[in-house]
Q: 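Handing you this structure, nothing more for now.
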Amino acid sequence: MLYDIAPLKKVWVFLAFISLQAAAQTPKLDWATKTGAKSFPSVKKEFSVNDFGAVSDTTTVNTAAIQKAIDECAAKGGGIVTFKPGTYVSGSIFIKSGVQLRIDKGVLLLGSQNFNDYPDIDTRVAGLEMKWPAALINMIGVKNAALTGKGTVNARGKFCWDLYWKTRKEYDAKGLRWIVDYDVKRVRTVLVQNATDVSVKELTFKNAGFWTVQLLYSTQITVDGIVIKNNEDGSGPSTDGVDVDSSTWVLIQNCDIDCNDDNFCLKAGRDWDGLRVNKPTAYVVIRKCLARRGAGLVTLGSETSGGIHHILATDLYAKNTDNGLRVKSAFTRGGTVEEIYFQNSVLDSVRTVFQFNLNWYPAYSYSELPKGYNYDSIPPHWKSMLQKVTPAEKGIPSAKNFYINNIKANNCRQAFDAVGYPQSTLKNFVFSNTAVTAAVLGTMEYTEGWKYNNFTIGVSKAAPPPKVTGKENEERLK
């Protein structure tokens with residue numbers, strides 16, 4: 001599949017125009033200039049993996065040789081680990097502080113298709129802390145490290161997808177949809193965990209076994225200019241693009257994402273375990289990025305337990321993406337999503353422009369042990385998922401203070417799928433200088449204090465009547 005961005009040049013010009021047009025009306029967010037890595041590995045001495053025994057072919061597993069090069073580089077005070085042009089197979093490798101792993105143009109890194117090449121580590125996946133395979137490329141507990149280059153990392157994740165769909169069919173029949181994603185331990189491509197001042201730049205990533213880039217419990221992180229192509233080798237489930245997970249001061253820019261789940265996703269823990277950890281995702285800037293296929297241009301949740309706040313998403317373009325701005329949570333999740341700024345962006349042919357659902361996907365979101373299972377004999381992560389949030393009110397999530405400005409959405413299926421609930425309305429959403437054309441208006445229920453300033457919406461004359469509550473929405477639609 002070719003990714004030709006030449007036709008998008010007009011879009012970038014238009015985005016620049018509407019950014020200037022909106023500048024006077026956009027609030028000054030001083031915190032937004034403080035995101036991203038504050039340092040980058042400065043030592044230029046190179047360490048070639050080939051000098052440590054790495055072999056270019058499609059069969060030799062070079063994990064040990066690549067790791068030796070990284071370890072030697074770190075031991076000698078840092079530097080750049082490189083590859084001669086060619087193709088290299090590897091399992092989990094771990095970048096160290098002061099090291100830049102550079103995968104240059106002409107280098108293809110292939111992920112091993114053997115689960116044994118990805119050792120279990122302590123981590124968090126989909127909001128739950130548990131043992132899980134290390135990613136293909138890991139930066140754990142490091143400072144001042146980088147993953148760069150114009151080469152390609154193909155995780156070859158189909159071995160994970162096949163196991164998932166096989167297990168999913170079995171689990172669905174047993175009433176275990178809520179746990180199958182945690183029992184099938186699919187391999188992430190890049191994991192940045194408990195790290196500071198890390199950069200991921202320019203690489204192309206393909207066919208993730210699970211999430212492509214996860215930023216977990218980390219701060220001052222930059223993701224710049226990466227391309228993700230997860231639709232080339234089938235339909236891999238949960239192949240998110242970039243997941244910011246209980247991390248802060250993150251800058252994501254100039255990225256091109258084509259995946260089978262959320263394109264740019266912000267998370268902060270799930271249910272009882274997420275409330276126990278209680279770490280927010282905050283102070284994140286996502287700018288000048290493109291989302292092709294995927295479940296959401298910018299998604300907040302569904303793991304909201306630790307809270308998500310101070311997010312700026314600007315100068316973005318979505319083409320054939322399922323949703324534009326998306327919020328998803330559940331009655332057991334808790335946490336507050338607030339101070340969200342979505343602006344200066346174009347959405348073309350998306351399914352739903354604004355999807356805000358605080359009771360998202362019940363079959364997945366709520367855990368219940370079917371009859372016939374002995375609680376004492378189930379795995380620990382099952383017990384974590386089944387642990388009740390008490391008092392129950394602590395599990396009620398909230399979403400408030402969203403500022404949506406200068407959005408152009410055309411040829412969309414529906415404008416809104418916005419559903420709060422009586423105990424927690426969608427509160428203070430402000431829409432300014434925004435124009436939407438869609439087949440149907442959709443749903444707006446349990447909202448409070450929504451405001452519209454220069455907001456226009458066009459729907460098909462043949463569209464069914466919308467499902468709308470709230471005085472401000474009813475008046476806006478007269």
Side-chain angles (χ1 to χ4, degrees), residues 1-5 37 40-41 43-70 73 78-96 99-113 117-118 134-139 145-157 187-192 198-209 211-214 221-233 239 241-242 252-259 289-290:
M1 180 186 300
L2 296 177
Y3 280 65
D4 180 12
I5 66 169
F40 189 89
V43 179
K44 302 303 181 184
K45 183 177 181 180
E46 295 190 6
F47 298 77
S48 172
V49 300
N50 303 86
D51 293 339
F52 292 83
V55 176
S56 173
D57 60 31
T58 59
T59 56
T60 304
V61 179
N62 292 287
T63 311
I66 298 170
Q67 193 62 55
K68 284 181 183 178
I70 293 170
C73 177
I80 306 170
V81 175
T82 63
F83 299 73
K84 291 181 179 179
T87 299
Y88 301 85
V89 179
S90 181
S92 295
I93 53 177
F94 297 82
I95 300 174
K96 303 293 182 65
V99 174
Q100 175 187 357
L101 180 64
R102 196 180 73 203
I103 302 173
D104 291 323
K105 186 176 181 180
V107 177
L108 172 61
L109 182 66
L110 298 177
S112 166
Q113 297 183 292
D117 288 325
Y118 303 94
L136 174 57
I137 303 172
N138 302 269
M139 287 180 272
L147 170 63
T148 70
K150 297 184 182 296
T152 299
V153 178
N154 188 341
R156 299 193 295 178
V187 179
R188 298 159 289 183
T189 304
V190 176
L191 172 64
V192 179
V198 164
S199 298
V200 180
K201 294 188 173 185
E202 298 184 323
L203 285 161
T204 294
F205 299 99
K206 296 182 177 182
N207 304 314
W211 298 349
T212 308
V213 176
Q214 182 184 7
I221 309 297
T222 294
V223 178
D224 187 0
I226 68 170
V227 176
I228 295 177
K229 303 180 181 181
N230 286 338
N231 277 307
E232 287 199 330
D233 190 21
T239 53
V242 180
I252 302 169
Q253 61 184 5
N254 307 315
C255 298
D256 182 343
I257 311 294
D258 187 356
C259 63
C289 293
L290 165 64

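Numbers for residues simply follow the sequence, beginning at 1.
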Q: Run the numbers on Ile221 and Val192 for side chain to side chain contact (heavy atoms under 4.5 Å, CB included), then give the verdict.
A: CA-CA 9 Å; Ile221 309 297; Val192 179; 4.1 Å; yes
Q: Pair Ile66, Leu109 - check side chain to side chain contact (heavy atoms under 4.5 Å, CB included), show working.
A: CA-CA 11 Å; Ile66 298 170; Leu109 182 66; 4.2 Å; yes
Q: Would Asp117 and Val61 satisfy side chain to side chain contact (heavy atoms under 4.5 Å, CB included), going step by step from the backbone distance to the final call?
A: CA-CA 9 Å; Asp117 288 325; Val61 179; 4.2 Å; yes
Q: Please examine the side chains of Lys150 and Asp104, heavy atoms only from C-beta on, and report whether any two atoms are closer than 4.5 Å.
A: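 Not in contact.
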Q: Could you pull out the closest heavy-atom pair between Val107 and Lys84, with the gap in Å?
A: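 Residues Val107 and Lys84, closest heavy atoms: CG2-O, 3.7 Å.
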Q: Any chance you could measure Ile80, atom CD1, to Thr148, atom OG1, to the nearest 0.5 Å?
A: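 The CD1 atom of Ile80 sits 7.5 Å away from the OG1 atom of Thr148.
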Q: With distance as the sole test, does Thr63 use its side chain to make a donor-acceptor pair with the main-chain N or O of Gly91 at under 3.5 Å?
A: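 Yes; at least one donor-acceptor contact below 3.5 Å.
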Q: Could you report the tightest heavy-atom contact between Gly79 and Cys73, atom names first, then the distance?
A: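 Between these two residues, the closest heavy atoms are N-SG, 3.2 Å.
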Q: Flag the pair Val200 / Met139 as yes when at least one side-chain heavy-atom distance between them is below 4.5 Å, and no otherwise.
A: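 Counting from C-beta outward, Val200 and Met139 do come under 4.5 Å.
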Q: Starting at CG of Asn254, measure out to SG of Cys289 and round the result to the nearest 0.5 Å.
A: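 So the gap between those two atoms works out to 6.5 Å.
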Q: How long is the gap from NZ on Lys201 to CZ on Phe40, to the nearest 0.5 Å?
A: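 It is 5.5 Å, given to the nearest 0.5 Å.
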Q: My understanding is that only one of Asn50, Asp57, Asn62 makes a side chain to side chain donor-acceptor pair (under 3.5 Å) with Tyr88; could you say which?
A: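 Result: among Asn50, Asp57, Asn62, Asn50 is the only option passing the side chain to side chain donor-acceptor pair (under 3.5 Å) with Tyr88.
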Q: State, with a plain yes or no, whether a side-chain heavy atom of Lys206 is found less than 4.5 Å away from one of Thr152.
A: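 Yes - at least one pair of side-chain heavy atoms lies under 4.5 Å apart.
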Q: Report yes if the side chains of Leu191 and Ile137 come closer than 4.5 Å at any heavy-atom pair, otherwise no.
A: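 Contact flag for Leu191/Ile137 side chains = no.
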Q: About how many Å separate NZ of Lys229 and CD1 of Ile257, when rounded to the nearest 0.5 Å?
A: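 NZ of Lys229 is found 11.5 Å from CD1 of Ile257.
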Q: I'd like to check Leu203 versus Ile103 (side-chain heavy atoms, cut-off strictly below 4.5 Å). Are they in contact?
A: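 Counting from C-beta outward, Leu203 and Ile103 do come under 4.5 Å.
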Q: Answer yes or no: is there a side-chain heavy-atom contact under 4.5 Å between Val81 and Val49?
A: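 They are in contact (side-chain heavy atoms under 4.5 Å apart), so the answer is yes.
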Q: Any side-chain heavy atom of Ser90 sitting closer than 4.5 Å to one from Leu110?
A: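 No. Closest side-chain heavy atoms not under 4.5 Å.
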Q: Judged by atom type as modelled, is there a donor-acceptor pair below 3.5 Å linking the side chain of Arg102 to the main-chain atoms of Gly149?
A: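 No, the answer is negative, given that no donor and acceptor are paired below the 3.5 Å cut-off.
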Q: Contact between Ile226 and Phe205 at the side-chain level, heavy atoms closer than 4.5 Å - yes or no?
A: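 Yes, side chains in contact.
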Q: Which atoms form the tightest heavy-atom contact between Ala65 and Ala54, and what is the distance?
A: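 The pair with the smallest heavy-atom distance is CB-N, 3.4 Å.
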Q: Is a donor on one side and an acceptor on the other found under 3.5 Å between the side chain of Asn138 and the backbone of Ile93?
A: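 Flag set: sc Asn138 to bb Ile93 pair under 3.5 Å.
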Q: Do Asn230 and Thr212 have side-chain atoms, one donor and one acceptor, less than 3.5 Å apart?
A: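 Yes, Thr212 and Asn230 have a side-chain donor paired with an acceptor closer than 3.5 Å.
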Q: Do you know the tightest heavy-atom contact between Pro85 and Ser56?
A: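 Closest approach of Pro85 to Ser56, heavy atoms only: O-OG, 4.5 Å.
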Q: Could you tell me whether the side chain of Ser92 and the main chain of Ala135 form a donor-acceptor pair under 3.5 Å?
A: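 Such a contact is found between Ser92 side chain and Ala135 backbone.
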Q: Begin with the C-alpha distance, continue with both residues' side-chain angles, and end with the deciding distance and a verdict on side chain to side chain contact (heavy atoms under 4.5 Å, CB included) for Tyr118 and Leu136.
A: CA-CA 7 Å; Tyr118 303 94; Leu136 174 57; 4.2 Å; yes
Q: Using modelled atom types and a 3.5 Å cut-off, is there a donor and acceptor pairing between side-chain atoms of Gln67 and backbone atoms of Phe94?
A: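 Yes, Gln67 side chain to Phe94 backbone: donor-acceptor pair under 3.5 Å.
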Q: When Asn231 is tested against each of Thr239, Asn207, Asp258 for side-chain contact (heavy atoms from CB on, under 4.5 Å), which residue passes?
A: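 Considering Thr239, Asn207, Asp258, a side-chain contact (heavy atoms from CB on, under 4.5 Å) with Asn231 is found only for Asp258.
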